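The analysis underlying the following values was restricted to heavy atoms, covering all of them including side chains, and did not include hydrogens, waters or symmetry mates. The model shown is predicted, which means the values in this text are computed figures rather than measured ones.
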Amino acid sequence: MTLYNTLTNRAEPVIPGDPGLVTFYTCGPTVYDDAHIGNFRSFLAADLLRRFLESPLCTLTAADGSLRRGPRRVLQVMNITDVGHMTDDSNADGGGEDKMAVAGRRIAEAKKAGKIPDDADVDPGDPRAIARFFADRFLEDAKALGLKVAIEAEKDASLMPRASACIDGMRAVISRLLETGSAYTAGEPGSRAIYFDVRTFEPYGRLSGNTLDKLRGGAGGRVSEANQSQKRHPADFLLWKEDASHLMKWPAPASPHTEGWDEGYPGWHIECTAMSLGRLVPGGLKRILGTPGNYQIDLHSGGEDNIFPHHECELAQSCALTGAPAFARHWFHARYLMVEGAKMSKSKGTFFTARDLFVMGHEPAAVRLELIKTHYRANADFSMEGLKGSAKFVDRLRRFLDSCPQGAAAEQGRVSDHPVLRVVADALHDDLNIAGALGEISKWMNETTAPTAAAAAAVRTIDAILGLLDRPRAESRETEIGVYIGVEPDAEVEALLAERAAARKAKDYARSDAIRDELAARGYAIKDVAGGKVEVGRA
């Protein structure tokens, strides 16, 4: 498999340290609000990559140059940020307001307006309660959309660590960076800070394409002017902030440089170093801090907006901690999501969370497909028309599988040698070309007139990568004539369905077609199903 590596700016072979076990860290959500579909585009791109890496169809290159075919295990960790995240994410100094404070005001307003039940288990004044509330909602949405790391975290919570539960690890990492001279303290008592000294890490800027000279002037407002005088270089970034008034605070990292400090909180970037290395390296931070070594992870993913400053800073502090020449062997970033050809906008009604779409009756499988079907390195354009097309593809895949004999395919030879699987694998090996893979799947279903048990096994192998068929279905309600999926039964629709049934019985197909068109104009799609009933969904 070849995959574009943000660090080297080219597609190159995926070469894990162990071809049988890929370590994978994904930057997760900040739980001060519900995740929107742009967030989930990034998370699901990583999930698609993870599922293909696990597949028997995926061949990777080993460090010795040999080729290793799957299946294999992927150990994926995704953090949940519930502390240290400020409203101005692009500011290396952690500027702005704590996002949990913003969330508290929003929840209080929502409760007052009746948008959140009064008895909802969330206190607007308790940042930890706010984080739990939105983290639980995120996990519900993530599991509905088939995010494997969220599903696995039900049994192993360490796969989705909370930042607030990993403060000791962050403090230990910062203490080591102070000890080695990679970090320094600055400021006046009560508002002192610990900064990472970017000049101690010569490759700083390589991931994002920045240079220290470019960043010297503040990188276009990314660095607080008020803090420049106390920093050694304008690009130096925050590791810890002394602030006894902060909503969530802890004792300062242990160091001769921090004696007598008040409590404070960690910067955003440090959490990912502590949580990724702490969970993905055998022996965790205790081993890293105690025994020098070339500690690296195989894959690191996030959205395009994470590249700078977040991932650039994370890379620098991680290499400074371990002494390794690299932090992650491969950096994987999904590009932005547009909606109806423009940026998401609440004022224009084009800002959607995943649960917004579920409430509207769109099933999770269709939402998932709509968010993964565009190549991760292209700006995706989410649209309601596209979502309808994705729903049709999911339905078609289900019906194709239902038409296959449901028997063992062992007599057909190795499942992974099926012709459709070879062309799907070829597409996905080429920088995760999902659009090409979906085109091959669609072409195969069109050309298959007599599905076999081997075809059924091929669909299941494909769907283990796509993650569509096991998603929860939209709720259905049956009436005497209709099966309503994702929409409520309606008296006028029922009358039109009855009239259509009568027209069909009388062979008045012109009237039958006219009724179908009228229902479509009202936003309904209909389909005749077994038992003489009509399935009704959104057009």
Side-chain angles (χ1 to χ4, degrees), residues 30-32 79-87 91-101 103-104 123 125-132 135 157-158 161-197 224 227 230-232 236-279 283-290 310 313-314 316-318 320-322:
T30 300
V31 286
Y32 69 101
N79 67 300
I80 291 181
T81 297
D82 59 357
V83 65
H85 221 326
M86 311 302 280
T87 51
N91 190 323
D93 293 322
E97 187 179 4
D98 189 298
K99 288 191 174 183
M100 289 304 166
D123 176 358
D126 181 349
R128 288 173 174 80
I130 294 168
R132 286 194 300 270
S158 70
R162 313 288 171 102
S164 61
C166 300
I167 300 296
D168 286 347
M170 298 179 214
R171 292 168 67 241
V173 170
I174 295 170
S175 294
R176 175 58 58 86
L177 295 176
L178 282 169
E179 178 185 323
T180 59
S182 296
Y184 63 92
T185 62
E188 299 300 321
S191 60
R192 289 169 288 200
I194 302 173
Y195 290 106
F196 183 88
D197 187 342
S224 169
N227 292 330
Q230 67 186 37
K231 293 165 64 173
R232 296 176 180 173
D236 292 350
F237 56 88
L238 185 74
L239 298 174
W240 187 271
K241 180 71 173 176
E242 181 188 31
D243 183 356
S245 67
H246 198 263
L247 283 175
M248 301 170 77
K249 51 187 178 291
W250 295 266
S255 167
H257 302 284
T258 58
E259 289 181 5
W261 279 36
D262 283 336
E263 292 182 314
Y265 61 92
W268 173 28
H269 315 305
I270 196 65
E271 69 174 60
C272 287
T273 290
M275 289 191 280
S276 60
L277 294 174
R279 181 62 180 84
L285 290 177
K286 184 176 181 180
R287 178 185 176 194
I288 293 170
L289 293 168
H310 185 43
C313 298
E314 190 183 336
Q317 67 199 14
S318 298
L321 171 69
T322 64

Checklist entry - Taking atom types as modelled and ignoring hydrogens, do the side chains of Glu314 and Thr273 form a donor-acceptor contact shorter than 3.5 angstrom? => result no
Checklist entry - Are any of the side-chain heavy atoms of Leu239 and Tyr195 separated by less than 4.5 Å? => result no
Checklist entry - Given the rule in the side-chain contact (heavy atoms from CB on, under 4.5 Å) test, do Gln317 and Ile270 qualify, once you have shown the distances and angles that lead to the verdict? => result CA-CA 8 Å; Gln317 67 199 14; Ile270 196 65; 3.8 Å; yes
Checklist outcome for this item: Sorted by chain and residue number, the side chain to side chain donor-acceptor pair (under 3.5 Å) partners of Ser276 (sequence neighbours excluded) come out as none
Checklist entry - Asp197: what forms a salt bridge (charged side-chain N to carboxylate O under 4.0 Å, His left out) with it, not counting sequence neighbours? => result Arg199, Arg232
Item to check | Pro266 vs Ile167 side-chain heavy atoms within contact, under 4.5 Å | outcome: yes
Item to check | Set of residues satisfying side chain to side chain contact (heavy atoms under 4.5 Å, CB included) with respect to Ser175, sequence neighbours excluded | outcome: Pro253, Ala254
Checklist entry - Below 4.5 Å, heavy atoms only, C-beta onward: do Leu178 and Ile194 meet side chain to side chain? => result yes
Item to check | Partner set under side chain to side chain donor-acceptor pair (under 3.5 Å) for Thr322, not counting sequence neighbours | outcome: none
Item to check | Set of side chain to side chain contact (heavy atoms under 4.5 Å, CB included) partners for Ala320, sequence neighbours left out | outcome: Leu177, Ser182, Phe196
Checklist entry - Looking at residues at least two apart in the chain, or sitting in another chain, which of them share a side chain to side chain contact (heavy atoms under 4.5 Å, CB included) with Arg128? => result Asp126, Arg132, Met248, Trp250
Checklist entry - Residues two or more places apart in sequence or in another chain: which of them pass salt bridge (charged side-chain N to carboxylate O under 4.0 Å, His left out) with Asp168? => result Arg171
Next on the checklist: Using 0.5 Å steps for rounding, measure from the CH2 atom of Trp268 to the CG atom of Leu238.
Outcome noted: 12.5 Å
Checklist entry - Between NE2 of His269 and OG of Ser318, what distance do you get to the nearest 0.5 Å? => result 12.0 Å
Item to check | Residues which pass side chain to side chain donor-acceptor pair (under 3.5 Å) with Ser158, listed by chain and number, not counting sequence neighbours | outcome: Asp156, Arg279
Next on the checklist: The criterion is side chain to side chain contact (heavy atoms under 4.5 Å, CB included); which residues satisfy it with Ala252, sequence neighbours excluded?
Outcome noted: Trp240, Thr258, Trp261
Checklist outcome for this item: With sequence neighbours left out, the residues meeting salt bridge (charged side-chain N to carboxylate O under 4.0 Å, His left out) with Arg162 are none
Checklist entry - For the atom pair CG (Asn79) and SG (Cys166), what is the distance rounded to the nearest 0.5 Å? => result 9.0 Å
Checklist entry - Sequence neighbours excluded, which residues qualify as salt bridge (charged side-chain N to carboxylate O under 4.0 Å, His left out) partners of Glu263? => result none
Checklist entry - How many angstroms lie between atom CG of Leu285 and atom CG of Leu321, to the nearest 0.5 angstrom? => result 7.0 Å
Next on the checklist: Is the shortest side-chain heavy-atom distance between Asp243 and Asp262 below 4.5 Å?
Outcome noted: no
Checklist entry - side-chain hydrogen bond (donor to acceptor under 3.5 Å, both in side chains): which pairs involve residues 184-194, sequence neighbours left out? => result Tyr184-Asp236, Arg192-Glu242
Next on the checklist: Applying side-chain contact (heavy atoms from CB on, under 4.5 Å) to Val31 and Thr81, what does each step give before you reach the verdict?
Outcome noted: CA-CA 6 Å; Val31 286; Thr81 297; over 6 Å; no
